[in-house]
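Every number for a ligand or one of its atoms is a count from 1 in the order of the listing.
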Amino acid sequence: MDRFVDLHTHSTWSDGSQAPLALVREARAAGLSAIALTDHDVLDGLEEARAEGAREGVEIVCGVEVSARMEAGEVHILGYEIDPSPDTPLQAALARLRAAREARTPRILERLQRLGMPIDLDEVKAIAGAGSTGRPHVAQAMVRRRYVRSVEEAFARFLKEGGPAYVTREMLTPGEAVALIRGGGGLAAIAHPGLLRFGGTGDLEAFTKSLAGEGLDGLECFTSAHDAGTTQACVGIARRLGLLPTGGSDYHGDRKTGVRLGRTRGGGRIPYAILSDLRERLAARSASAARGESRFVGEGGRKVGL
Ligand code: AMP
Ligand code: ZN
Ligand code: FE
Ligand code: FE
């Protein structure tokens, strides 16, 4: 029987609508053999996901999605098969990023207040639940107060980079994000590359190539964010650069409309071989690290000081 995976999902620990437990149950109902939980800047949902995955027969890949900043805007780097233990340099770096994100929420609310849209911080905190507050939760509070009709409208008119309520926050560079993930024992892939604000495929390939030189492992080709043409272009780039094509829906439950768990935009599924190939690459790396052949900063158990 063919087996399928989804290597890009979010839970209530970041901005998904489902707790890890419910997400894993939904994955099983969708016929998935494995999912990667890739919450933004946080690993706290992994334990619950793994426990439920063991009960439900769904493999859980320990993942994360880290935001980085470059000239062309934000880029998201996915980490796969990272070490979720507490007290690691990766955990410390993520905690710092979350604190920076949280600290900026009151400043966003100040801007909204000045724009005539008052919101209490407690409202945003209630929406974020256990996770750290960020723009998606502010956007939802704006919808609840009927300042806007949808989360998308909140971003498009006010919260997007350069928007009137936008406040910047500390972010890593893409290279730092890759090093952080690899230092945490994992593989790094560019999330939804088709969303990057580049002039064309040539620019995307040049950027991907430079990041491959810093240790990038994969390019997310199969995703709800890509049309068929973009998917093909990304597969071509991955092949030319010796990177693995990865795939995931970027599921956020009902917080992101039009995305189905385990499905790409056209309704396609993601074969299990995508995950096997990732694991093979990681195993090969561990073997070469054991022989003392580390090439990249952060490899072979070295601490990354981010
Ligand atoms: P923050 O980490 O607080 O800066 O918020 C960034 C998150 O907001 C992203 O990871 C997305 O999940 C979400 N987001 C960014 N842009 C949009 C958009 N245009 N519409 C809906 N959600 C968005
Ligand atoms: Zn998200
Ligand atoms: Fe993303
Ligand atoms: Fe995502």
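Within ligand 1, the atoms closer than 4.0 Å to a non-hydrogen atom of Gly134 are 3 (O), numbered from 1 in the order shown. Remark: ligand 1 atoms within the under-4.0 Å shell around heavy atoms of His40 are 10 (O), 12 (O).
Remark: side-chain polar atoms of Arg98 are paired, donor with acceptor, to backbone N or O of Asp41 under 3.5 angstrom. Under the 3.5 Å distance criterion, the side-chain polar atoms of His226 are matched with a main-chain donor or acceptor of Cys221. Within the 3.5 Å criterion, the main-chain N or O of Gly229 finds a donor-acceptor partner in the side chain of Asp227. Under the 3.5 Å distance criterion, the side-chain polar atoms of Thr133 are left unmatched by any main-chain donor or acceptor of Ala128.
For the ligand labelled ligand 1, residue His76 lies inside the 4.0 Å heavy-atom shell. Note on ligand 1: Arg169 sits in its first shell, one or more heavy atoms being nearer than 4.0 Å.
Of the protein's non-hydrogen atoms, Arg135 NH2, 3.5 Å is the one closest to atom 6 (C) of ligand 1. The nearest protein atom to atom 7 (C) of ligand 1, hydrogens excluded, is given as Pro136 CG, 3.6 Å; this is a heavy-atom distance. Nearest protein heavy-atom neighbour of atom 19 (N) of ligand 1: Phe155 CB, 3.4 Å. Of the protein's heavy atoms, Asp15 OD2, 2.8 Å lies nearest to atom 12 (O) of ligand 1.
Distances from the Fe ion (ligand 4) show that His40 has no N/O/S atom below 2.8 Å. At a cut-off of 2.8 Å, His40 coordinates the Zn ion (ligand 2) through an N, O or S atom. Backbone or side-chain N, O or S atoms of His192 do not reach the Fe ion (ligand 4) at under 2.8 Å.
If you check the side chains of Ser224 and Asp250, you find no donor sitting under 3.5 Å from an acceptor. Arg255 and Gln140 form a side-chain donor-acceptor contact under 3.5 Å, judged by distance and modelled atom types alone.
The N/O atoms of Glu74, backbone and side chain alike, include none that comes under 3.5 Å of an N/O atom in ligand 1.
Residue-level check: among N/O/S atoms of Asp250, OD1 sits closest to the Fe ion (ligand 4). Atom OE1 is the N, O or S atom of Glu65 at the shortest distance from the Fe ion (ligand 4). Looking only at its N/O/S atoms, His8 has NE2 as the one nearest to the Fe ion (ligand 4).
Between the choices Arg104, Glu102, Arg101, the shortest heavy-atom distance to atom 4 (O) of ligand 1 belongs to Arg104.
Here the angle centred on the Zn ion (ligand 2), running from NE2 of His252 over to OD1 of Asp15, is 90°, rounded to 10°.
Atom CD of Glu74 has more than 12 neighbouring heavy atoms from other residues, nucleotides or ligands inside a 6.0 Å radius. Other residues, nucleotides and ligands place no more than 12 heavy atoms under 6.0 Å from the NZ atom of Lys125. The number of heavy-atom neighbours closer than 6.0 Å to CZ of Arg111, taken from other residues, nucleotides and ligands shown, is above 12.
Between His76 and His192, the ring-plane angle classifies as perpendicular under the 30° and 60° cut-offs.
The pair Asp15-Arg135 does not count as a salt bridge, with every side-chain nitrogen at least 4.0 angstrom from each carboxylate oxygen.
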